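When a residue number appears, it is its place in the shown sequence, counting from 1. From a predicted model like this one, the values you see are computed outputs, not experimental measurements.
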Amino acid sequence: MVNYEPRDLDRLFTALGDPTRRAILARLEQEDSLSISALAEPFAIKMPAVMKHLDVLGDAGLITRTKSGRTVAVRLVPDPLRAATDWLARYERFWTPKLDRLAAHAEAREREARATEGQGE
């Protein structure tokens, strides 16, 4: 298990807290490597804003950048996500029983609905 300092977790959750940064990570999860311009293409924001998002992702350790000539390639580094998963897993015991009860309730309602439909035929 990788142990991260609280400051590392703060950076990680800050990076994950923004929808644009999550979208960037999602694109990088699909592609091995993308240029900064390719990453910026689908977003309705200017290049300086994209660069700021990449800086935040880089500070959190979620991406690496490598330069080849004039092109800067960006790659996902998923390892820090393990720290977020580990931290969240400690609190899973609080929501798992509630989700189990919700699933049981939904299944019971579905059985009731099927039984009602069967009576109407």
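Note: Asp18 CG to Lys52 NZ = 12.5 Å, rounded to the nearest 0.5 Å. For the atom pair CZ of Arg70 and OG of Ser35, the computed distance is 12.5 Å after rounding to the nearest 0.5 Å. For the atom pair CG (Leu25) and OG1 (Thr20), the distance works out to 11.0 Å, reported to the nearest 0.5 Å. Distance CZ/Arg75 to CG/Leu62: 15.0 Å, rounded to 0.5 Å. The distance from the CZ atom of Arg111 to the OG1 atom of Thr116 is 12.5 Å, given to the nearest 0.5 Å.
Contact annotation: the side chain of Ile36 approaches that of Met47 to within less than 4.5 Å [non-hydrogen atoms, C-beta and beyond]. Within the 4.5 Å cutoff, the side chain of Leu57 has heavy atoms near those of the Ile63 side chain. Proximity of Arg11 to Thr14: side-chain heavy atoms (C-beta onward) are nowhere separated by under 4.5 Å. Counting only heavy atoms from C-beta outward, the side chains of Ile24 and His53 approach each other to under 4.5 Å.
Closest approach of Gly69 and Lys67 over heavy atoms only: O-CE, 3.1 Å. Annotation for Pro80 and Gly61: closest pair CG-O, 3.2 Å, computed over non-hydrogen atoms.
At distances below 3.5 Å, not a single donor-acceptor pair connects side-chain atoms of Ser68 with backbone N or O atoms of Thr71. No donor-acceptor pair under 3.5 Å is formed between the side chain of Arg21 and the backbone N or O of Leu16. Proximity of a side-chain donor or acceptor of Arg65 to a complementary backbone N or O of Val72 within less than 3.5 Å is not detected.
Neither Phe13 nor Val56 shares a network with the other; the hydrophobic side chains, linked directly or stepwise wherever heavy atoms of I, L, V, M, F, W or Y lie under 4.5 Å apart, form separate groups for each. Residues Val77 and Leu9 are members of separate hydrophobic clusters, defined by side-chain heavy-atom contacts under 4.5 angstrom among Ile, Leu, Val, Met, Phe, Trp and Tyr.
A salt bridge links Arg114 with Glu110: at least one charged nitrogen is closer than 4.0 Å to a carboxylate oxygen.
Between Arg27 and the choices Leu39, Val74, Leu76, the side-chain contact (heavy atoms from CB on, under 4.5 Å) rule is met once, by Leu39.
Aromatic ring orientation, Tyr91 versus Trp87: tilted (interplanar angle from 30° to 60°).
More than 12 non-hydrogen atoms from other residues, nucleotides or ligands lie less than 6.0 angstrom from CZ of Arg90.
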